[in-house]
**Student:** 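Got a structure for you, written out below as structure tokens; questions coming shortly.
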Amino acid sequence: MTRTAQAPVDARFIERWSPRSFTGKAITTQEMMSLFEAARWAPSTSNTQPWRFVYGLAGSAGFDAIFNSLVPFNQGWANKACALIAVCSATTSVAPGTSEAKPSPNHAFDTGAAWMSLALQAQSMGWRTHAMGGFNADALRQTLGVPDGFAVQCVVAVGEQGPRESLPAALQEREMPNGRQPLEEMVAEGHFHFSR
Ligand SMILES: Cc1cc2nc3c(=O)[nH]c(=O)nc-3n(C[C@H](O)[C@H](O)[C@H](O)COP(=O)(O)O)c2cc1C
């Protein structure tokens, strides 16, 4: 077992992991909206809510558009996902009472919080998620029509977890929950003493 809690924690945090084997089971649009609803309630800087999601269900042109932007490694397993989501963020925002768009320094941070909410909601519904940074951002921007002023942060595969054996041999070895660095290497009291 690679996952052991160092302190008492809600089990959902250590039970979530990112499989690559999916069954191909279809997800409904209504279920997808529950994932986005969870993301919708994430906290953000001045409640700017910079996250934007573009999704495609398996078998749709939207799915194919996102899938085609993935690097070959990710295409090798994400083809059985039931949905792909392009997670984008608005890089500027307009403060209440003003009309001028100004850079939003925390758009990526805030959108990361929203993605985690989405991932945990999916898990609670029996779906699994797997984020991917391995995609051609220019191609994805073009095919989805993402304009300037928005960043594409990652692509998320959603699916029902499948058997490890259905993956190519090289991926089967990696199909298990991984570990984490110890708390002592990421938490300090009062003084930043980390060298990396
Ligand atoms: C922004 C981001 C990009 C990632 N990119 C990829 C990727 O391109 N391909 C892949 O197989 N996994 C990718 N992952 C999955 C990570 O490798 C995985 O989340 C990490 O090893 C921790 O494992 P866990 O999610 O199973 O807990 C990515 C995860 C994140 C959050």
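Note that ligands are numbered from 1 as they come in the structure, with each ligand's atoms numbered from 1 the same way.
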**Student:** Quick one: look up the protein heavy atom nearest atom 31 (C) of ligand 1 and list residue, atom name and how far away it is.
**Tutor:** A131 CB, 3.9 Å

**Student:** Students should be able to answer this: which protein heavy-atom is nearest to atom 1 (C) of ligand 1, and at what distance?
**Tutor:** C154 CB, 4.3 Å

**Student:** Quick check on Q142: does its CD atom have over 12 non-hydrogen neighbours (other residues, nucleotides or ligands) under 6.0 Å away?
**Tutor:** no

**Student:** Just verifying a value: how many Å separate Q123 CD and L35 CG, rounded to the nearest 0.5 Å?
**Tutor:** 12.0 Å

**Student:** So which protein heavy atom does atom 23 (O) of ligand 1 come closest to, and at what separation?
**Tutor:** N178 ND2, 3.0 Å

**Student:** For ligand 1, which atoms have a heavy atom of S18 less than 4.0 angstrom away?
**Tutor:** 19 (O), 24 (P), 25 (O), 26 (O)

**Student:** In ligand 1, which numbered atoms sit nearer than 4.0 Å to a non-hydrogen atom of G134?
**Tutor:** 8 (O)

**Student:** How about CD on Q181, more than 12 heavy atoms from neighbouring residues, nucleotides or ligands closer than 6.0 Å, or not?
**Tutor:** yes

**Student:** With rounding to the nearest 0.5 angstrom, report the CG to CD1 distance, L84 to I66.
**Tutor:** 5.5 Å

**Student:** Only heavy atoms of N74, strictly under 4.0 Å: list the atoms of ligand 1 that pass.
**Tutor:** 7 (C), 8 (O), 9 (N), 10 (C), 11 (O)

**Student:** Give the residue, atom name and distance (to 0.1 Å) of the protein heavy atom nearest atom 15 (C) of ligand 1.
**Tutor:** H130 NE2, 3.4 Å

**Student:** Check ligand 1 against W77 and write out every atom of the ligand that is under 4.0 Å from a heavy-atom position of the residue.
**Tutor:** 11 (O)

**Student:** Nearest to atom 5 (N) of ligand 1, what protein heavy atom do you find, and at what distance?
**Tutor:** G133 N, 2.7 Å

**Student:** Kindly check if the number of other-residue, nucleotide or ligand heavy atoms within 6.0 Å of CG (D10) is above 12?
**Tutor:** yes

**Student:** Quick one: does ligand 1 sit under 4.0 Å from the side chain of E15, the backbone, both or neither, non-hydrogen atoms only?
**Tutor:** neither

**Student:** Considering only heavy atoms, does F73 approach ligand 1 within less than 4.0 Å through its side chain, its backbone, both, or neither?
**Tutor:** side chain

**Student:** Where the closest heavy atom to atom 11 (O) of ligand 1 is concerned, which of R180, M132, R20 has it?
**Tutor:** R20

**Student:** What residue and heavy atom of the protein are closest to atom 27 (O) of ligand 1, and at what distance?
**Tutor:** R3 NH2, 2.5 Å

**Student:** Side chains of E184 and Q6 only: does a donor on one sit below 3.5 Å from an acceptor on the other?
**Tutor:** yes

**Student:** Which of these, T29, I27, V158, V87, sits in a side chain to side chain contact (heavy atoms under 4.5 Å, CB included) with Y55?
**Tutor:** T29

**Student:** Show every ring-ring contact (aromatic ring centres under 6.0 Å, His included) that has at least one partner inside residues 167-196, sequence neighbours left out.
**Tutor:** F192-F194

**Student:** With the threshold set at 4.0 Å, does a side-chain nitrogen-carboxylate oxygen contact exist between R12 and E15?
**Tutor:** no

